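Because the structure is a prediction, the values reported are computed rather than measured. Residues take their numbers from the sequence shown, with the count starting at 1.
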Amino acid sequence: MVAAFFAVILLVFGLVHFYLWKRLGHDTLRPGWPRRVGTVVALVLTVLAPTTLIGVRAGYVKWLAWPGYLWIAVMFYLLIALLVLEIPRLVVRLLWVDRVRTGKGQEAAETRSAAADGESPRPEAVPVATGAPTATTAHDAETATKTKTANASGVTDKTEATSNTEAPSDGTTGIDRRLVLARGAAIFAGLTAASVTGYGVRTATSAPRIDRVQIPIPKLPRSMDGTRLAVVSDIHLGPLTGIGHAQRITRVINSVGADLVCVVGDLVDGSVAELGRLAEPLRGIESRRGAYFVTGNHEYYSGYQEWVEEVAELGMRPLRNERVEIDGLDLAGVNDLGGEEHGDPADFAKALGDRDTARPVVLMAHQPLAAKDAAPYGVDLQLSGHTHSGQMAPFNLLVKLQQPVVSGFGRVDGVPVYVTNGAGFWGPPVRVGAPPQVTVVELRVA
């Protein structure tokens, strides 16, 4: 199964890089050493991308993280730009072909018109049937003899050399218009990909923005009206973040003066031994009624048992298929859906089954998809992350195929669900169309 997964990754990256080499190397460079260099570069980048995804995640070749993940982002936007340019490229080429055909058609029409008017082409040579050759004929014969002799000795005349030269693409000028078109498209795609990636890096590595939303809950006690929950997910401490990442997020959380802090999974991408020091600033999170944590799918790739203990030591209470009562409000949490593969599944019955349904319940669950399992238990609000809002547009369109809510507020089988964008990034340090976010959810009496 693992070998098949790796084979698919290699095949996908191989096809993508072949297309990029075709458009950026083969089509833009004439045969010779520049094209050979481009081919070598394409092969190196083809290997770099999957090596980064597989090797860095497995804990190896971490020095490849920055160049590898940045290339993956640039590769992605190069692919999109070039695919979009295929349409105008095809239109322009069709117009040029039509122009050339039109020109040849007009020339043929003029020839036919001249023939219809009784004109005939000027003869190139007048044969002499009898008699001694004229001076002109003798001179031509001598010239032809010299030409044949020269050709036999390896000398090529001007006419033959011209015939071996590559004809211009439009038949009228020496400009290879296909080459010009290919180079123009490559330059445009390269500048676009570099600009978008640069913008995305700046966005991903900046402090999360604060989004505020009010959500009414019919059963909410009046004493809890206006309760503010700071919701943060997908911090993704890892080889590219550094300690400043957690420091920025902690400052943003503390700036909102929250009553409750809800960390809804994907805190880390690595073991406690590797990343424990990077998580240390989270110890400074402040809230009036406590901070709570549930596992995400990435905790299960990183040694979830150690991280559950580490999170508790940092001052956040893990909710592992359990709930707590806070002044007439139930706050529940379930393990991530991916925990089942690791013997640590989500248990909705345990977290929600025997509660007093007269009290409202807010459920922390990493994936929005969990609302389908939570629906039978009358959940009043589910807080989730996981999607990153796509992280790199237009990935948000693909996320919709797997998750019922990508960003913001929605309903899943009758359950109100709020999905925050996440405060960090996974893989490429790039966020486009999905800025990092800490969400302040204000609970109001309906």
Is there a side chain to side chain donor-acceptor pair (under 3.5 Å) between Y69 and T52 once you walk through the steps?
CA-CA 7 Å; Y69 281 125; T52 300; over 6 Å; no
Test item: E280 side-chain N/O and R277 main-chain N/O as donor-acceptor pair under 3.5 Å:
no
For T387 and Q403: C-alpha separation, side-chain torsions, deciding distance, then whether side chain to side chain donor-acceptor pair (under 3.5 Å) applies.
CA-CA 8 Å; T387 67; Q403 294 293 334; over 6 Å; no
Should the heavy atoms of other residues, nucleotides or ligands under 6.0 Å from CZ of R35 be counted, would the total exceed 12?
yes
Side-chain donor/acceptor pairs under 3.5 Å, residues 84-92, sequence neighbours excluded:
unit_1 : atom_1 : unit_2 : atom_2 : d
E86    : OE1    : R23    : NH2    : 3.2
E86    : OE2    : Y19    : OH     : 2.6
E86    : OE2    : R23    : NE     : 2.7
E86    : OE2    : R23    : NH2    : 3.3

Does any donor atom in the side chain of S389 or N396 lie under 3.5 Å from an acceptor atom in the other side chain?
no
We want to know whether W307 and S302 form a side-chain donor-acceptor pair, criterion being a heavy-atom distance below 3.5 angstrom.
no
Tell me yes or no: between the side chains of T197 and Y77, is some donor less than 3.5 Å from an acceptor?
no
Using modelled atom types only, decide if a donor and an acceptor are shared between the side chain of H366 and the backbone of V264 within a distance under 3.5 Å.
yes
Got more than 12 heavy atoms from elsewhere within 6.0 Å of NZ, K22?
yes
Under 3.5 Å donor-acceptor, D234 side chain and D266 backbone:
no
Is it true that, when you exclude R283 itself, more than 12 heavy atoms of the residues, nucleotides or ligands shown sit nearer than 6.0 Å to its CZ?
yes
For E322, what residues pass the salt bridge (Lys or Arg N to Asp or Glu O under 4.0 Å) criterion, not counting sequence neighbours?
R317
If you count the non-hydrogen atoms of other residues, nucleotides and ligands that lie under 6.0 Å from CZ in F409, is the total more than 12?
yes
Has the side chain of S195 got a donor or acceptor atom that lies under 3.5 Å from a matching backbone atom of T192?
no
Report the relative orientation of the aromatic rings in W426 and H298; use parallel for angles under 30°, tilted for 30 to 60°, perpendicular for over 60°.
perpendicular
Under 30°, 30 to 60°, or over 60°: which ring-plane class applies to F76 and F395, parallel, tilted or perpendicular?
parallel
Cationic N near anionic O, under 4.0 Å, K219 to D356:
no
Verify whether the ring centers belonging to H236 and H388 lie closer than 6.0 Å.
yes
Taking T241 for the side chain and L237 for the main chain, is one N or O donor matched with an acceptor at less than 3.5 Å?
no
Neighbour count above 12 (heavy atom, 6.0 Å) for E325 CD:
yes
At their closest point, which heavy atom of S223 faces which heavy atom of D327, and how far apart are they?
OG-O, 4.3 Å
List the steps and the verdict of side chain to side chain donor-acceptor pair (under 3.5 Å) for Y301 and D269.
CA-CA 7 Å; Y301 311 144; D269 280 309; over 6 Å; no
V256: side-chain contact (heavy atoms from CB on, under 4.5 Å) partners, not counting sequence neighbours
I210, R212, A230, A258, V440
Let me see the working for N421 and S407 under side chain to side chain donor-acceptor pair (under 3.5 Å), right down to the final yes or no.
CA-CA 6 Å; N421 283 1; S407 181; 2.7 Å; yes
Side chain Q382, main chain A371, donor-acceptor under 3.5 Å
yes
Donor-acceptor contact present, side-chain R288 to main-chain G257, <3.5 Å:
yes
Spell out, as yes or no, whether a donor-acceptor pair under 3.5 Å connects the side chain of N321 to the backbone of P345.
yes
Answer yes or no: is there an ion pair linking R320 with D347, defined by an N-O contact shorter than 4.0 Å?
no
